[in-house]
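Within every chain, numbering begins at 1; the chains are lettered A, B, ... in the order of the sequence lines, protein sequences first and strands thereafter. Being a predicted model, the structure only gives us computed values, none of them experimental.
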There are 2 protein chains.
Amino acid sequence: MTTMKEIAAAVGVSTATVSLVLNGRDKGRVKAALAEHVRRTAEELGYWPNAIARSLRTNRSRMLGFISVEVATTPYAGGMIQGAQDAARRHGYMLLTVSADDAATMRDEIDALKRYGVDGFFYSTMSNRRVDIPESLDDYPLVIVDASQRTAEEGGNDSSRRFPSIEPDEFRIGYDATSRLLDAGCRRIAYIGFAADDDSIGAANDNGATTAAGDAVDGAVGAARDGGAAGMANGDAVANAGSLAADPTVAQAGRLAGYLAALADRGVTPDPAWQCNVGTNGAALAAVARLFEEVKPDGFFCFNDSRALYVYEQAARHGLEIGRDISVVGVDNHRVLAETLSPQLTTIELPHYEMGYWAALQLISMVEGRELSVADAPAMTAPLPPLEWPVADDDGNDSSASTAPGSLDVKIHCTLIDKESVAPAAGQ
Amino acid sequence: MTTMKEIAAAVGVSTATVSLVLNGRDKGRVKAALAEHVRRTAEELGYWPNAIARSLRTNRSRMLGFISVEVATTPYAGGMIQGAQDAARRHGYMLLTVSADDAATMRDEIDALKRYGVDGFFYSTMSNRRVDIPESLDDYPLVIVDASQRTAEEGGNDSSRRFPSIEPDEFRIGYDATSRLLDAGCRRIAYIGFAADDDSIGAANDNGATTAAGDAVDGAVGAARDGGAAGMANGDAVANAGSLAADPTVAQAGRLAGYLAALADRGVTPDPAWQCNVGTNGAALAAVARLFEEVKPDGFFCFNDSRALYVYEQAARHGLEIGRDISVVGVDNHRVLAETLSPQLTTIELPHYEMGYWAALQLISMVEGRELSVADAPAMTAPLPPLEWPVADDDGNDSSASTAPGSLDVKIHCTLIDKESVAPAAGQ
DNA sequence: GTGAAAGCGCTAACAT
DNA sequence: ATGTTAGCGCTTTCAC
C-alpha cells in the first residue's frame, strides 16, 4: 500500500505538501508544476488515502450507520439501503448497516456503531410509523427513513431533538388509488386494509367496530389532507410506546383517510362495510371471501400487494376476471409480487430507493454542514424536496436544532403505475 | 470520549499497562490488584476503546465487507445479512454491506471497501449459482454465500484462489419435496421450475425442448446425488460468463435433478410434460393453466413460492382445493409469500439466516486464524459443518490456500415445513 | 511556497 | 513485573 511518505520521498517534498496537493488545498500554496508532479506520482504509485489514518486524525470516518428495525423480514429494505448507499458512495461515504429488533440489541448496535466512529445515523423502520429515537443518538446527525418522529404530545420522548424524516405521502396514496378506481367507473370501492393479525376478525368485519373506526379516521381526513400526520396519534400508537415491533398505523390511517377523502370528493358515500381490514393467511382470505359474497365490490384498493393477493385468489374462485369484471389497485410494498404480478396489478409504487437516496443526501449535508446538490440523483422517480437543516457550529452544538421547523418531515409523492388490473370502465 | 491516557493518568500508570490490562494480556505481567484498579477506573470513566486508533495500529479493522449482487431486488438477502451480522457482532465485528450489479460498480465498491480497511469479504448472490470471484479479492479472506465458485474447467477464472462457500443442498430440496408428495400419494407430480422470462415459452412447454432438457438433467442426477455440482456446468452458465445478472441455473438444475431422482427411486416414470419451467407474469400463468388442463397433475413441486402462486391461482380458477384435490410443495425463497400463505403452503425453507451465520463464523475464523466455536449459534435450524480453512502465515501468504480441498463447498440441508397444502393421501 | 514537527489513540518491542 | 518509546498514516499549525 502506497503511503504519502513514499510519494513525498519519490518527488522530494515533505508529506505535508503531498497532503495539501492530494486534498486539493494547494491553491496558491504549492507551485502548480510541483502539484502536478505530486499528483502524477501518486497516480503512478497507485496511491489511495488510508481511510483509517485519516479518520483518526480528522475525527471523521466518512461512515454512516444505517439502523433499521427488522431488515431481515423486510423485503423492500434493500431498495432503501441501496438508495442510501448509492448517494453515500457518490459523496465518499460508506454504510454500516445494522438491524435491531429489540431495545437491548438496539442499544448494543448503537454503541458499536459509535465506537466504529460513524459520522451520523439513518433510522428506518419496516413500515411507516411514529418512532422514538433513542436518546443516545441525540448528539448525532440523524435522518429518519420511512417513518417519522413521535411528538411529545403523542407520548414520545420529550427530551429528544427533532430529526428530519422522509416518508411516503400516505394520504395521497389512498387518494390517488381510489381516484383511479373512480375514474375507471367503479362505484362500490372496497378498501382491503391493514389489521394486526391477532384482531383481524374484530375491526372492520364486525359492524360496530367498523363504524367506530370509520368515524375516527373520518375526523382525521381534514388534517391529513393538509399534509399533517394528525389523527395518527391514536390509541394503538400510544399503546405501542417503546416497542420496536411492526405497527403500520400511520400507513393504514393515512391510506384509509385518503380513500375516504377521494370518495367524498366525488360524491360517493362510503359504506363502512366496504372496509375490510385484515391480517394475513386464512383469516384474511376468509374475510375477503365474505366481502366478495356479501358486498360484491367493483373496485378494490389494497393496503399492499400482499393483500391484493387475497383479492386475486377470491376473484379466481368466483370466476371474476381482474381488469374486466373488477378493478384492483394495490400499493407495491413487496417487490416480489411485482415480479409475479406486476404487468397485471396497478400499483402505487413506494419509492424506497428514492427515500434512501434523499435521506443520505440530507444526512451528509448535516454531517458536512453544507447543502448538497440533488441534481446528480440518478433515476429519481419522485421529486426531491430541497434539503434544509440547521448546521452544527464548530463546538458541535446544534444550537438551532431544537427549534427546527416541523417541515423537516418530508412526505414524498408516490407514483401510480397503471396496469391491466383496472378496467377502462369497470362495472359488475 | 475517555482515552487510555486518561485512565493511565487517573490510576498513575502508563498507557501501556492500561492497554495490557484492558486487552486481557496482563496475566503474569501486571499485578492483579493493579489490573483490577485499572479495570474499575475504565468502567467508571465509561471507557470504550477507539476502534479507529486500534485499527491504525494493528492493521485490523474488525470490519467485514459484505458484497452482494442485487440486494435491492432480493427480498431474502436481509435474512442472510442478518445472520452474518449476528455472528459478526458476537465476535466484535461489523459489516459493511455493499451491493453491486455490474462490473464497474463491483470494482468501485471493492476498492472502497479495501480503503476502509475491511479484514475480509463475503460474496453473495441473489440466487444460488456459479460465480467468478474478482481477482482483486484474491489476497483477502473470503467466503461465498448462497453460491459457489466456478472452476477453471467451467470457464472460470483460472488464476483465482479457491474460496469456501456455503449453499443450499439443491438436489436434496428437490428430492425431499418430491418425496413428500409421493408419500402423500401423488403420482402425477408436476415440477414448476425456473425459466428465464425471455424464453419461458420455449423450454419445457414445447415437446422437443422438454425432452432435451430432461435428458441433459437426467444425466446429471447421479453426479448431483453424490453432492457434487456436476451437470451445472451447462451451456447457460458458460454463456453467462462474467455477467453479474441473475442466473439460477444451479438451483434449477439441482432441484430438477432431485425431483427426477425421487421419482425414479419410487418407480414413477416422469413424463417430460410434467415439467413446466416458467418465467413470471402472464406467460407463466398461461403455461401453468395449460398444465392444469392438459396434464392434470395431482401434485406440484414449485421452484419457489413465487411460482407456487400460479398454482394457487389456477387451483382457484379450476375450483380445486389445495390440500384436498391437489398437493403443493414450494421452496420458500420469498418470505413475503410466507407471510401470506405460510399456514397453507408446505415449503422447504431456505436457511438464509443460517447460511449468513455460518459464513461469518467461517470468515472470522479465516481472518483470525483460529477455529471458532459454532456452539453458540442461536436457533440454527440446519446443522453447521465444522469450520476449516488454511490459515495465512505472518507474512500474509496463504501458502496452502491454492491447494485447499474441494470440500470447502458446504451444502446445507434445508428443512421441510409441513402445512395443509399437502393432502394426507392426495388423488384426483 | 514549503517543510518540520506535533499528535490523533492505540499497541508492541524494548528497556528497565 | 512495569514503564518507556516508537510509530501506524495522515492532517495541521507554525516557522522559515
Side-chain angles (χ1 to χ4, degrees), chain A residues 1-39 41-42 45-63 92 114-119 368 394 396, chain B residues 1-39 41-42 45-63 92 114-119 368 394 396:
Chain A
M1 219 185 55
T2 321
T3 69
M4 281 194 174
K5 212 168 167 180
E6 291 165 20
I7 298 176
V11 179
V13 293
S14 76
T15 62
T17 307
V18 175
S19 175
L20 283 176
V21 171
L22 263 26
N23 286 306
R25 286 191 225 297
D26 55 320
K27 185 82 172 191
R29 324 247 276 110
V30 179
K31 247 185 312 210
L34 218 197
E36 189 45 37
H37 189 183
V38 168
R39 270 186 285 269
T41 312
L45 266 44
Y47 172 80
W48 282 108
N50 178 319
I52 292 177
R54 175 183 280 169
S55 295
L56 181 59
R57 187 58 232 239
T58 59
N59 233 346
R60 294 246 103 106
S61 64
R62 298 191 87 83
M63 299 194 300
K114 282 187 179 177
R115 237 167 305 127
Y116 275 88
V118 296
D119 295 336
E368 301 194 346
D394 287 344
Chain B
M1 219 184 56
T2 322
T3 70
M4 281 194 174
K5 211 169 171 181
E6 291 165 20
I7 298 175
V11 179
V13 293
S14 76
T15 62
T17 307
V18 176
S19 174
L20 281 176
V21 171
L22 264 26
N23 287 305
R25 285 191 226 295
D26 55 319
K27 184 84 171 189
R29 322 250 279 112
V30 180
K31 249 186 310 211
L34 217 197
E36 189 45 37
H37 189 185
V38 168
R39 269 187 287 267
T41 314
L45 267 43
Y47 172 80
W48 281 108
N50 179 317
I52 293 178
R54 175 183 280 170
S55 295
L56 180 59
R57 188 58 235 239
T58 61
N59 235 341
R60 296 245 103 106
S61 64
R62 298 191 87 82
M63 298 193 300
K114 283 187 179 176
R115 240 170 299 129
Y116 276 87
V118 296
D119 296 335
E368 301 193 346
D394 287 343

**Request:** Let me see the working for B:Val11 and B:Thr17 under side chain to side chain contact (heavy atoms under 4.5 Å, CB included), right down to the final yes or no.
**Result:** CA-CA 10 Å; B:Val11 179; B:Thr17 307; over 6 Å; no
**Request:** Let me see the working for B:Leu22 and B:Arg39 under side chain to side chain contact (heavy atoms under 4.5 Å, CB included), right down to the final yes or no.
**Result:** CA-CA 7 Å; B:Leu22 264 26; B:Arg39 269 187 287 267; 4.2 Å; yes
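- Straight-line distance from the CG atom of B:Asn59 to the C1' atom of C:dA12: 13 Å, rounded to whole Å.
- Nearest to the side chain of A:Met4, among C:dA12, D:dC10, C:dC8, sits D:dC10.
- Within 4.0 Å of A:Gly12, counting heavy atoms only, lie sugar-phosphate atoms of the nucleic acid but no base atom.
- Between D:dG3 and B:Thr17, a contact under 4.0 Å exists linking OP1 or OP2 to a side-chain N or O.
- Between the side chains of B:Arg54 and B:Asn23, at least one donor N or O lies within less than 3.5 Å of an accepting N or O.
- Protein atom CG of A:Asp26 is 13 Å distant from nucleotide atom P of D:dT11, rounded to whole Å.
- Checked against B:Thr2 for a side-chain contact (heavy atoms from CB on, under 4.5 Å), the options B:Ile7, B:Asn50, B:Thr41 give a single hit: B:Ile7.
- In this structure, of C:dG9, D:dT11, C:dA4, it is C:dA4 that holds the atom nearest to the side chain of A:Ala16.
- The side chain of A:Ser19 lies closest to D:dT11 when the candidates are C:dG9, D:dG9, D:dT11.
- The side chain of B:Ser14 approaches D:dG3 more closely than any other nucleotide in the set C:dT11, C:dG1, D:dG3.
- Which of C:dA12, D:dG9, C:dC10 sits closest to the side chain of A:Asn50 comes down to D:dG9.
- Here the nucleotide nearest the side chain of A:Arg29, chosen from D:dT13, D:dC10, D:dT5, is D:dT13.
- Between the CZ atom of B:Arg60 and the C1' atom of C:dA12 there is a distance of 15 Å, rounded to whole Å.
- For A:Asn23, a side-chain nitrogen or oxygen approaches OP1 or OP2 of D:dT11 to under 4.0 Å.
- Not one side-chain nitrogen or oxygen of B:Arg57 sits closer than 4.0 Å to the OP1 or OP2 atom of C:dA12.
- Remark: P of D:dG9 and CG of A:Leu45 are 14 Å apart, rounded to the nearest angstrom.
- Phosphate contact (OP1/OP2 of D:dC10, side-chain N/O of A:Lys5, threshold under 4.0 Å): absent.
- Note: CD (B:Glu6) to P (C:dC10) measures 9 Å, nearest angstrom.
- B:Leu22 places its CG atom 12 Å from the C1' atom of C:dT11, with the value rounded to the nearest Å.
- A straight line from NZ of B:Lys31 to C1' of D:dG3 spans 13 Å, rounded to a whole angstrom.
- Proximity of a side-chain donor or acceptor of B:Tyr116 to a complementary backbone N or O of A:Arg62 within less than 3.5 Å is detected.
- For the pair B:Leu20 CG and C:dA12 P, the interatomic distance rounds to 9 Å; values are reported in whole Å.
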